[in-house]
Asks: 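Encoded as structure tokens, here's the structure I'll be asking about.
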Amino acid sequence: MKILLNNTSLFESLRPFNDLGFVPTMGGIHKGHLSLINKSNKLCKKTIVSIFVNPKQFNNKKDLKSYPQNIMKDLKILKKSKKVDFVYLPKFKDIYKDKKKSKITLLKKDKILCAKFRKGHFEGVLDVMNKLTQIVKPKKIFMGEKDFQQLYLVKKKLEKKYKTKVIPCKTIRDSNNVALSSRNFLLKKHNLLIAAKIYEKLAGIKKYIKNKKNVTSFLNLQKKELKNNYKIKIDYLELRNIKNLKISSTNKNSRLFIAYYINNVRLIDNI
Ligand code: AMP
């Protein structure tokens, strides 16, 4: 596993390879990331993982400051997996060397779910993914369904622009069905137990949707109940079609999306 600390060493090392699988991350490596790496390892000749906490996608300074970072631990896990050929650890200037302001904007119809509650977040994500794709030139990019809206937007924007394919990967969960996330490192055991109960409740809600005529009002009621029972703040609880992310009134081709806070940590999930 070769560690690439700047773009010069990246360009030199990657030159011979044109079947590259790319797994972009912000570190805090867990089994969710490893599942993406495994898939890349199976489908591509070489796998490159990047670790870069992109300040431009944080709409809240506190959130950026508290984002879990432990590069030595991450490198150890990646090396142990034996599935990673290159790890790219860029500095801010490697990514943003041309100071041109990014022109990426979201369409009004895309300003939903997390885009509505985290202003500028996806513009930051699309900007860094655009830059990373230009630098790494991967054949395939592996991204998790846990961040479904991110996967949806990156796929829509990047596949049009580059010869790269964005490959969706299933959400990996812990033994209590809580979606793995680097942010879970910021939670205490009892917080994670609440997250497990919320997953259970979501699964129940999804089942009940089948028999409901007015799904939106049913979900509003469930949202209130979740808020009161678990004393959590909820940004959204919505059923949306996976092809276009429009509000849906049936489970067919749809997922239930939630964003909520436990202990000031923002968690997202979709089932
Ligand atoms: P992050 O480091 O949180 O930016 O995540 C990097 C990539 O890993 C993104 O494509 C995420 O969607 C993906 N990912 C994060 N958590 C999970 C998970 N529990 N299961 C599958 N993929 C995940």
Side-chain angles (χ1 to χ4, degrees), residues 21-44 47-60 63-64 66-71 73-75 77-78 81 83-84 87-90 95 113-115 118 121-122 124-133 136 138 140-159 164-187 192 195-196 198-199 202 242 245 255 257-259 265-271:
F22 179 33
V23 181
T25 83
M26 298 207 297
I29 299 296
H30 51 70
K31 285 184 181 150
H33 298 124
L34 291 177
S35 76
L36 272 53
I37 291 167
N38 275 334
K39 198 157 178 177
S40 169
N41 190 266
K42 279 198 193 114
L43 298 182
C44 303
T47 291
I48 175 164
V49 175
S50 67
I51 299 178
F52 179 62
V53 180
N54 174 33
K56 293 202 181 187
Q57 71 187 67
F58 284 81
N59 54 320
N60 174 329
D63 186 25
L64 171 61
S66 64
Y67 198 84
Q69 275 180 279
N70 189 338
I71 200 75
K73 188 174 162 206
D74 286 348
L75 290 174
I77 300 172
L78 294 176
S81 79
K83 303 270 164 80
V84 180
V87 184
Y88 177 40
L89 305 176
I95 307 284
L113 299 170
C114 286
R118 298 185 71 191
H121 167 64
F122 287 118
V125 168
L126 290 167
D127 190 18
V128 77
M129 283 306 299
N130 186 45
K131 299 242 154 63
L132 283 167
T133 307
V136 175
K140 296 189 175 76
I141 304 176
F142 295 83
M143 300 188 79
E145 288 178 346
K146 200 214 103 202
D147 303 275
F148 198 91
Q149 192 177 12
Q150 166 176 282
L151 166 71
Y152 171 86
L153 288 171
V154 170
K155 198 169 174 53
K156 200 159 94 170
K157 301 257 172 183
L158 290 197
E159 284 188 347
T164 183
K165 195 130 186 61
V166 177
I167 312 286
C169 304
K170 293 251 162 306
T171 300
I172 304 299
R173 298 175 180 279
D174 71 9
S175 55
N176 290 327
N177 282 323
V178 177
L180 296 184
S181 162
S182 309
R183 284 197 159 88
N184 294 0
F185 293 125
L186 303 171
L187 296 175
L192 283 168
I198 290 169
Y199 174 87
L202 288 180
I242 51 170
L245 287 188
R255 282 176 187 242
F257 290 83
I258 191 167
V265 178
R266 190 174 191 274
L267 300 176
I268 57 172
D269 200 356
N270 64 85
I271 63 167

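All heavy atoms count here, side chains included; hydrogens, waters and symmetry mates do not. Read the numbers this way: they start at 1 and go in the same order the structure lists the ligands and their atoms.
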Asks: Tell me if a side-chain donor or acceptor on Ser50 pairs with a main-chain N or O of Tyr88 at a distance below 3.5 Å.
Replies: no
Asks: Check each heavy atom of Leu36 against ligand 1 and say whether those closer than 4.0 Å belong to the side chain, the backbone, both or neither.
Replies: side chain
Asks: Step through the shown structure and confirm whether more than 12 heavy atoms of other residues, nucleotides or ligands are within 6.0 Å of NZ on Lys156.
Replies: yes
Asks: Heavy-atom distances under 4.0 Å decide this one: backbone, side chain, both or neither, for His33 against ligand 1?
Replies: side chain
Asks: Using a strict 4.0 Å cut-off to heavy atoms of Met143, name the atoms of ligand 1 that fall inside it.
Replies: 10 (O)
Asks: Is there a donor-acceptor pair closer than 3.5 Å between any side-chain N or O of Ser40 and the backbone N or O of Leu36?
Replies: no
Asks: Within the 4.0 Å heavy-atom shell around Thr171, which atoms of ligand 1 are there?
Replies: 20 (N), 21 (C)
Asks: Does Lys83 offer a backbone N or O that forms a donor-acceptor pair with the side chain of Asn41 under 3.5 Å?
Replies: yes
Asks: Could you tell me whether some N/O pair between Cys169 and ligand 1 is separated by less than 3.5 angstrom?
Replies: no
Asks: Who's the nearest protein heavy-atom neighbour of atom 10 (O) of ligand 1, and how far?
Replies: Gly144 N, 3.0 Å
Asks: Taking N or O atoms only and a 3.5 Å limit, does Ala179 qualify as a polar contact for ligand 1?
Replies: no
Asks: I need the atoms of ligand 1 closer than 4.0 Å to a non-hydrogen atom of Thr25, numbered in the order shown.
Replies: 2 (O), 6 (C)
Asks: Could you tell me whether a side-chain N or O of Asn59 sits under 3.5 Å from a main-chain N or O of His121, the two making a donor and an acceptor?
Replies: no
Asks: Would you give the length of the straight line joining atom CG of Leu192 to atom CD1 of Ile198, rounded to the nearest 0.5 angstrom?
Replies: 11.0 Å
Asks: Would you mind listing which atoms of ligand 1 come within a distance below 4.0 Å of any non-hydrogen atom of Asp147?
Replies: 11 (C), 12 (O), 15 (C)
Asks: Kindly say whether Phe257 contributes a backbone atom to a donor-acceptor pair with the side chain of Asp269 at under 3.5 angstrom?
Replies: no
Asks: Below 3.5 Å, N or O to N or O, backbone or side chain included: is there any such pair between Leu180 and ligand 1?
Replies: yes
Asks: Where is the tightest heavy-atom contact between Leu267 and Arg183, given as atom of each residue plus distance?
Replies: CD2-CB, 4.3 Å
Asks: Which atoms from ligand 1 have a heavy atom of Lys170 less than 4.0 Å away?
Replies: 20 (N), 21 (C)
Asks: Is ligand 1 under 4.0 Å from a heavy atom in the side chain of His30, in the backbone, in both, or in neither?
Replies: side chain
Asks: Using heavy atoms and a threshold below 4.0 Å, how should the contact between Pro24 and ligand 1 be classified: side chain, backbone, both, or neither?
Replies: backbone
Asks: Quick one: look at Tyr67 and ligand 1, take heavy-atom pairs under 4.0 Å, and tell me if it's side chain, backbone, both or neither.
Replies: side chain
Asks: Which heavy-atom pair separates Pro168 from Leu151 by the least distance, and what is that distance?
Replies: CB-CD2, 3.8 Å
Asks: What protein heavy atom sits nearest atom 4 (O) of ligand 1, and how far away is it?
Replies: Met26 CG, 3.7 Å
Asks: Which protein heavy atom lies closest to atom 20 (N) of ligand 1, and at what distance to 0.1 Å?
Replies: Ile172 N, 2.8 Å
Asks: Give the intermediate values and the outcome of side chain to side chain contact (heavy atoms under 4.5 Å, CB included) for residues Thr171 and Phe148.
Replies: CA-CA 10 Å; Thr171 300; Phe148 198 91; over 6 Å; no
